[in-house]
Amino acid sequence: MSKSFNTRPVLNTLTEGLTLITMVGLTFASAAALASAPMEMVTPVIHQLPTVVVTGHKAVVHQLPTVVITARRSQ
């Protein structure tokens, strides 16, 4: 009897572990970068844009003719 070794579960477990380690490392790296950089309080600048008025004319709506479709069953 010959049994073949299925590598899919091993590779899935390995990939999930490496993904978890990478995500934890990136989380700690971003937390360290944010903790080390001093944040300066800057007052926000608010720009008031001038009011724009858009006017338009009412479009003429054309009525399309009614279409009647008849179908026959083929023999």
Side-chain angles (χ1 to χ4, degrees):
M1 279 177 40
S2 172
K3 289 186 177 180
S4 62
F5 181 68
N6 188 4
T7 60
R8 186 169 300 243
V10 175
L11 290 176
N12 282 343
T13 304
L14 181 65
T15 304
E16 288 173 359
L18 290 175
T19 302
L20 180 65
I21 291 170
T22 303
M23 296 298 261
V24 169
L26 289 174
T27 301
F28 282 124
S30 65
L34 287 175
S36 65
M39 299 282 291
E40 294 181 12
M41 295 302 292
V42 177
T43 58
V45 177
I46 300 174
H47 296 285
Q48 182 70 31
L49 296 175
T51 304
V52 177
V53 177
V54 178
T55 60
H57 299 286
K58 184 176 178 182
V60 177
V61 179
H62 298 285
Q63 179 89 16
L64 294 175
T66 304
V67 178
V68 178
I69 299 174
T70 58
R72 293 182 184 171
R73 178 179 275 188
S74 63
Q75 296 292 335

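Note that the structure is predicted; figures quoted are calculated from it, not measured. Numbering starts at 1 and runs along the sequence shown.
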Query raised in the report: Who pairs with Arg72 by side chain to side chain contact (heavy atoms under 4.5 Å, CB included), at least two apart in sequence or on another chain?
Result: none
Would you tabulate the side-chain donor-acceptor contacts of residues 18-34 under 3.5 Å, counting partners in other chains and residues two or more places apart, or write 'none'?
unit_1: Thr19; atom_1: OG1; unit_2: Thr15; atom_2: O; d: 2.8
unit_1: Thr22; atom_1: OG1; unit_2: Leu18; atom_2: O; d: 2.8
unit_1: Thr27; atom_1: OG1; unit_2: Met23; atom_2: O; d: 2.8
unit_1: Ser30; atom_1: OG; unit_2: Leu26; atom_2: O; d: 3.2
unit_1: Ser30; atom_1: OG; unit_2: Thr27; atom_2: O; d: 3.0

**Report entry** Listed partners of Asn6 passing side chain to side chain contact (heavy atoms under 4.5 Å, CB included), at least two apart
**Finding:** Arg8, Pro9
